[in-house]
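Everything below concerns the one structure shown next.
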Amino acid sequence: MDWIENQILVEEGVDAKLEKLYLKVFPKVAGFIKNKGGNFEQAEDIFQDALVAYLEKMDQVEKAEQYVMGAAKNLWWQKCKQVEKENTLLSYKVQYTVLEDFYPTPSEKRILKFLEKAGKKCMDLLSAFYFEEKKLESLMKTFGFSSKHSVSVQKHKCLDKVKSIVHEKSLKYEDFYE
């Protein structure tokens with residue numbers, strides 16, 4: 001809208017009409033946005049954009065209040081969808097960043113090879129106990145042991161098996177860290 005059109009609108013009392021519209025509709029828009037998780041500043045921005053949309057089609061609109069309220073709601077939902085898309089992209093980036101550390105380091109590969117040599121059952125048991133942090137009761141049921149004591153004994157046997165494999169290779173602590 002250029003300066004001349006603005007002057008014509010003011011002369012015809014449009015600013016008084018907009019003031020009334022503002023006083024009547026803005027509290028409704030602000031309440032709607034607040035109920036949907038927004039704040040006062042967002043409500044002001046959305047309302048101003050809705051007013052601009054109204055001014056562009058003012059001569060075609062019969063019910064100004066309904067038009068501005070409807071426009072404000074639509075603008076708010078569009079903003080929410082945009083924020084949701086941005087949050088989804090950010091969470092995807094965070095997940096992707098975490099996945100960069102997925103592959104084991106050379107020293108971790110060595111440890112995994114020793115665990116594999118100890119056998120699948122030992123590897124599964126040690127993994128469940130140390131990495132998944134499962135309790136002895138849970139391990140007892142999962143692996144079919146008769147008591148917590150037998151789970152504990154088997155866990156120690158598995159650890160001893162891994163230690164003996166490492167000892168056979170005459171490896172030291174330093175061999176696992178580069």
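No experiment lies behind these values; they were computed from the predicted model shown.
Side-chain atoms of Gln154 and Cys122, non-hydrogen and from C-beta on, do get closer than 4.5 Å to each other. The side-chain heavy atoms of Cys158 and Val162, taken from C-beta on, include no pair separated by under 4.5 Å. Two residues are said to be in side-chain contact when any heavy atoms from C-beta on lie closer than 4.5 Å; Leu139 and Phe129 meet this criterion.
In this structure, Val153 is not a member of the same hydrophobic cluster as Leu125, with clusters built from ILVMFWY side-chain heavy atoms closer than 4.5 Å. Linking ILVMFWY side-chain heavy atoms closer than 4.5 Å, directly or via other members, places Phe40 and Val25 in a single hydrophobic cluster. Under a hydrophobic clustering in which Ile, Leu, Val, Met, Phe, Trp and Tyr are joined whenever their side-chain heavy atoms come within less than 4.5 Å, directly or via other members, Val52 and Phe47 fall into different clusters.
Ring pair Tyr22/Phe26 is parallel by interplanar angle, where below 30° counts as parallel and above 60° as perpendicular.
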- Checking side chain to side chain contact (heavy atoms under 4.5 Å, CB included) for the pair Leu136/Phe145: CA distance, chi angles, key distance, verdict? CA-CA 10 Å; Leu136 291 178; Phe145 290 104; over 6 Å; no
- Item | Test side chain to side chain contact (heavy atoms under 4.5 Å, CB included) applied to Phe32 and Ile46, step by step | CA-CA 11 Å; Phe32 170 79; Ile46 294 292; over 6 Å; no
- Item | Candidate pair Lys163 and Asp160, rule side chain to side chain contact (heavy atoms under 4.5 Å, CB included), full reasoning | CA-CA 5 Å; Lys163 286 178 188 175; Asp160 288 340; 4.3 Å; yes
- Message: Test salt bridge (Lys or Arg N to Asp or Glu O under 4.0 Å) on Glu137 and Lys135; report intermediate values, then the result.
- Response: CA-CA 5 Å; Glu137 295 86 14; Lys135 303 284 184 208; over 6 Å; no
- Could you go step by step and tell me if Tyr54 and Leu18 meet the side chain to side chain contact (heavy atoms under 4.5 Å, CB included) rule? CA-CA 10 Å; Tyr54 168 70; Leu18 287 177; 4.1 Å; yes
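Rounding to the nearest 0.5 angstrom, the gap separating the OG atom in Ser150 from the NZ atom in Lys157 is 10.0 Å. Atom CD in Glu132 sits 8.5 Å away from atom OG in Ser138 (nearest 0.5 Å). Here the CD atom belonging to Gln82 is positioned 9.5 Å from the NZ atom belonging to Lys79, to the nearest 0.5 angstrom. Separating the OG atom in Ser127 from the CD atom in Glu133 is a distance of 11.0 Å, to the nearest 0.5 Å. Separation of atoms CG (Asp124) and NZ (Lys120) is listed at 3.5 Å; rounding is to 0.5 Å. Rounding to the nearest 0.5 Å places CG of Asn39 at 9.0 Å from CD1 of Ile33.
Applying the side-chain hydrogen bond (donor to acceptor under 3.5 Å, both in side chains) test to residues at least two apart or on different chains, the pairs with a partner in residues 64-78 are Lys24-Glu65. Every pair tested for salt bridge (Lys or Arg N to Asp or Glu O under 4.0 Å) that includes a residue from residues 33-55 fails, sequence neighbours excluded, so the list is empty.
Of all heavy-atom pairs spanning Met140 and Val151, the tightest one is CA-CG2, 3.6 Å. Across Ala50 and Ala72, no two heavy atoms sit closer than the pair CB-N, 3.7 Å.
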